[in-house]
Engineer: 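Let me begin by handing over the structure; questions about it come next.
All values reported here derive from a predicted model rather than from experimental measurement. Because only heavy atoms are used, hydrogens play no part in the values below, and waters and symmetry mates are left out as well, while side chains stay in.
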Amino acid sequence: MASPSTDPSTHPAAEPATLTKNHDFLKLWAGQSLSLVGSQVTVLAMPVVAFLMLGASVAEMGILGALARLPMVLFLVVGVWVDRMRRRPVLIVSDGVRALMLATVPVFFLLDVLTLWWLYVVVFVMGVFGVLFEIAYRSYLPTLVAPEHLGQGNSHLQLSDSISKAAGPSLAGLLIAARSAPLVILVDVASYIASAVALLTIRKREEPPAPDGGAGMLTAIRHGLGWVMGQPLIRPLAIASAVYSFFDIGILQTLYIPYLVDGVDLPATWVGGVLAVGGVGAVIGAWLSIRAMNRFGPGPTMLWSTVVGNSALILVPLAGGPVWLAVAMLVVSQLLVGLCTQVFVVNNITVLQTATPRELTGRVIATIWAMGLVPAPLGALAAGLLGEAFGMRPVVLVAALVGALVPIAVLALSPIPRMRAIPEAPISA
């Protein structure tokens, strides 16, 4: 395998001295930033269309949410597909299909033929191409950006994601208040088109994918999974993500709002304010991530962002006493978790993109994503069963403790704390 110094797909001859002069990256970033804001509009508008305009029941709303998330099980399969194709055409097609599917919602609404069944189709197809886009997107970035700029590139992209999640819901609410929800979805349609146009204008030539010998899908998936679990720098990240996903994303987040209202006796009107602090922390974290990486190194940064962020989760079951004290503990927890999550994610993605052989990038990222997402619904199911059997407070306490301490231990006992610099060359496949 060629080293980064000789591989033209990794180090182009005229690599810009700074990322702000890399026009191809700026096009990718601008298009994705617009798309993220548009997606936040749809996140709020689609349930409004289903519930208020089409009269969906609570059970039907559950089906809608499940269909939107069901494509996540395709992560491993999609990772193999992405490794066998050029990434930019995949990104453009994904944007185009999502724009087309979303456009049918306002059009069918105006024609008075929009049904809940069609919304089911739309959210499922959107989910499939969303997964395809996410894996191709993360795999495509190293094509445009030199290894020494990857951390900064990921920081910019995560900053856009954080800002969109912090400001997007408010913008969506204002738009829906001013216009009918189905018509507001046209904002997201326009954002996907803008993203596709930005991708079309990128001039950097993408090398064709390396042949994989025509291995079958299961063989290719096993190869990617085996590579992840066989690398001492990558394996602990995957294991820590899986544990965190089950206990914290699955159990703790499922019970979080009911616990605040019934367990902490927090007024329901205050819950939104507490959650919003996490978005503020995420924006700060995305801004700090590359600075921490450059100052302390990616390994120590990932370890200590995990230590601080995960420890802050333990404040949730401890929150109590006067309302002001409980709110203060919850706000500190949200701020630190939001901040540290973004710091960890930027460093994690950068290490994955740099350390992974190009021909395995798609399936490796897909494997990490799958291990970080698949346990969550299992944890959510466990949250309901355990909460009914033992009550919310003990379940929240155990989930916070196990979900916080086990990932810390996994990373602390691995070679990651000693990783002071981004790997200079891909690890051999």
Engineer: Do Ser160 and Trp29 have side-chain N/O donor and acceptor atoms under 3.5 Å apart?
Structural biologist: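 Side chains of Ser160 and Trp29: pair found under 3.5 Å.
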
Engineer: What heavy-atom pair brings Leu34 and Ala194 nearest, and what distance separates the two atoms?
Structural biologist: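 In terms of heavy atoms, the two residues are closest at CD1-CB, 3.9 Å.
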
Engineer: Is the backbone N or O of Ala312 less than 3.5 Å from a side-chain atom of Ser333, with the two atoms forming a donor-acceptor pair by type?
Structural biologist: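 Pair found, side chain donor or acceptor close to backbone of Ala312.
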
Engineer: Can any side-chain N or O of Thr301 pair as donor or acceptor with the backbone N or O of Pro298 at less than 3.5 Å?
Structural biologist: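 No.
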
Engineer: For residues Thr350 and Asn347, is any side-chain donor paired with an opposing acceptor at under 3.5 Å?
Structural biologist: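 Note: Thr350 and Asn347 side chains miss the donor-acceptor criterion.
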
Engineer: Under the 3.5 angstrom rule, does the side chain of Ser289 hit a backbone N or O of Ala286 as a donor-acceptor pair?
Structural biologist: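 Side chain of Ser289 to backbone of Ala286, a donor-acceptor pair under 3.5 Å: yes, one is there.
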
Engineer: When you measure from the side chain of Arg393 to the backbone N and O of Pro317, does any donor-acceptor pair fall under 3.5 Å?
Structural biologist: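 Answer holds: yes.
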
Engineer: Answer whether the closest heavy-atom distance between the side chains of Leu199 and Leu28 falls below 4.5 Å.
Structural biologist: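 A side-chain contact exists here, since the closest heavy-atom pair is under 4.5 Å.
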
Engineer: Could you tell me whether the side chain of Met419 reaches within less than 4.5 Å of the side chain of Met302, counting heavy atoms only?
Structural biologist: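 Met302 reaches Met419 side chain to side chain.
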
Engineer: Can you measure from CG (Leu144) to NE2 (His149) and round to the nearest 0.5 angstrom?
Structural biologist: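 So the CG of Leu144 and the NE2 of His149 are separated by 13.0 Å.
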
Engineer: To the nearest 0.5 Å, tell me how far Leu318 CG sits from Leu313 CG.
Structural biologist: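 It is 11.0 Å, given to the nearest 0.5 Å.
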
Engineer: With the side chain counted from C-beta on, respond yes when Trp287 and His156 share a heavy-atom pair under 4.5 Å apart, and no when they do not.
Structural biologist: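 Side chain of Trp287 against side chain of His156, heavy atoms only: no contact under 4.5 Å found.
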
Engineer: Going by an N to O cut-off under 4.0 Å, is there a salt bridge joining Arg363 and Asp83?
Structural biologist: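 A salt bridge is present here (some side-chain N lies under 4.0 Å from a carboxylate O).
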
Engineer: Quick check: do Asp95 and Ile193 have side-chain heavy atoms less than 4.5 Å from each other?
Structural biologist: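 They are not in side-chain contact.
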
Engineer: Measure the shortest side-chain to side-chain distance between Pro300 and Pro417 over non-hydrogen atoms and say whether it is less than 4.5 angstrom.
Structural biologist: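 No, side chains not in contact.
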
Engineer: Examine distances only and state if a side-chain atom of Ser311 and a backbone atom of Val307 form a donor-acceptor pair shorter than 3.5 Å.
Structural biologist: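 Yes; at least one donor-acceptor contact below 3.5 Å.
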
Engineer: Taking atom CD1 of Ile368 and atom CG of Leu225, what is their separation to the nearest 0.5 Å?
Structural biologist: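 CG of Leu225 is found 9.5 Å from CD1 of Ile368.
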
Engineer: Heavy atoms only: give me the nearest Val410-Pro236 pair and the separation to one decimal.
Structural biologist: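 That would be CG1-O, 3.6 Å.
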
Engineer: Under the criterion side chain to side chain contact (heavy atoms under 4.5 Å, CB included), I'd like the reasoning laid out for Leu100 against Val189: C-alpha separation, chi angles, the key distance, then a yes or no.
Structural biologist: CA-CA 7 Å; Leu100 179 62; Val189 174; over 6 Å; no

Engineer: Going from CG on Asn310 to CG on Leu401, what distance comes out if it is rounded to the nearest 0.5 angstrom?
Structural biologist: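 So the CG of Asn310 and the CG of Leu401 are separated by 11.0 Å.
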
Engineer: Report yes or no: is the cationic atom of Arg98 (NZ for Lys, CZ for Arg) closer than 6.0 Å to the six-membered ring centre of Phe133, at no more than 45° off its axis?
Structural biologist: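 The answer is yes, since Arg98 meets both limits relative to Phe133.
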
Engineer: Could you give me the CA-CA distance, side-chain angles and deciding distance for Phe25 and Leu141, then say whether side chain to side chain contact (heavy atoms under 4.5 Å, CB included) is met?
Structural biologist: CA-CA 8 Å; Phe25 169 77; Leu141 186 62; 3.8 Å; yes

Engineer: Output, in order, the C-alpha distance, side-chain angles, deciding distance and verdict of side chain to side chain contact (heavy atoms under 4.5 Å, CB included) for Gln334 and Val337.
Structural biologist: CA-CA 5 Å; Gln334 280 286 324; Val337 170; over 6 Å; no

Engineer: Working to the nearest 0.5 angstrom, can you tell me the gap between Tyr244 OH and Phe344 CZ?
Structural biologist: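 The CZ atom of Phe344 is 10.0 Å from OH of Tyr244, to the nearest 0.5 Å.
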
Engineer: Salt bridge (charged side-chain N to carboxylate O under 4.0 Å, His left out) with Asp248: which residues, sequence neighbours excluded?
Structural biologist: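 So Asp248 forms no salt bridge (charged side-chain N to carboxylate O under 4.0 Å, His left out) with any residue.
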
Engineer: Indicate yes or no: at least one non-hydrogen side-chain atom of Pro415 is less than 4.5 angstrom from one of Leu233.
Structural biologist: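 When only atoms from C-beta onward are counted, Leu233 and Pro415 do touch, with a gap below 4.5 Å.
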
Engineer: For the residue pair Met46 and Leu102, what are the closest heavy atoms and their distance?
Structural biologist: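 Where Met46 meets Leu102 most closely, the heavy atoms are CE-CD2, 3.8 Å.
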
Engineer: Going by distance alone, is a donor N or O of one side chain under 3.5 Å from an acceptor N or O of the other, for Ser139 and Thr361?
Structural biologist: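 The criterion, which ignores hydrogens and geometry beyond distance, is not satisfied for Thr361 and Ser139.
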
Engineer: If you look at every heavy atom in Gln152 and Ile290, which pair is closest and at what distance?
Structural biologist: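 The pair with the smallest heavy-atom distance is N-CD1, 3.4 Å.
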
Engineer: Sub-3.5 Å donor-acceptor pair from the side chain of Ser245 to the main-chain atoms of Gly372, do we have one?
Structural biologist: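 Between the backbone of Gly372 and the side chain of Ser245 there is a qualifying donor-acceptor contact (under 3.5 Å).
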
Engineer: Side chains of Tyr192 and Ser39: closer than 4.5 Å at any heavy-atom pair?
Structural biologist: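 Yes. Closest side-chain heavy atoms under 4.5 Å.
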
Engineer: Restricting to non-hydrogen atoms, name the atom on Ser94 and the atom on Val90 that form the minimum distance, rounded to 0.1 Å.
Structural biologist: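 Result for this residue pair: OG-O, 2.8 Å.
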
Engineer: So, does Ser35 use its side chain to make a donor-acceptor pair with the main chain of Gln32 at under 3.5 Å?
Structural biologist: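 Side chain of Ser35 to backbone of Gln32: no pair is present.
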
Engineer: How close do Arg88 and Thr201 get, heavy atom to heavy atom, and via which atoms?
Structural biologist: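 Heavy-atom minimum between the residues: NH1-N, 4.4 Å.
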
Engineer: Are Val264 and Val323 packed together at the side-chain level, in the sense that at least one heavy-atom pair is separated by less than 4.5 angstrom?
Structural biologist: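 The answer is no; the side chains never approach within 4.5 Å.
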
Engineer: Quick one, Leu330 with Tyr256, criterion side chain to side chain contact (heavy atoms under 4.5 Å, CB included). Give me CA distance, side-chain angles, the key distance, then yes/no.
Structural biologist: CA-CA 11 Å; Leu330 294 169; Tyr256 190 79; 4.0 Å; yes

Engineer: Output the distance between atom CD1 (Ile92) and atom CD1 (Ile202), rounded to the nearest 0.5 Å.
Structural biologist: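 With rounding to 0.5 Å, CD1 (Ile92) is 7.5 Å from CD1 (Ile202).
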
Engineer: Verify, without hydrogens or angle tests, whether Arg235 (side chain) and Met229 (backbone) share a donor-acceptor contact under 3.5 angstrom.
Structural biologist: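 Present.
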
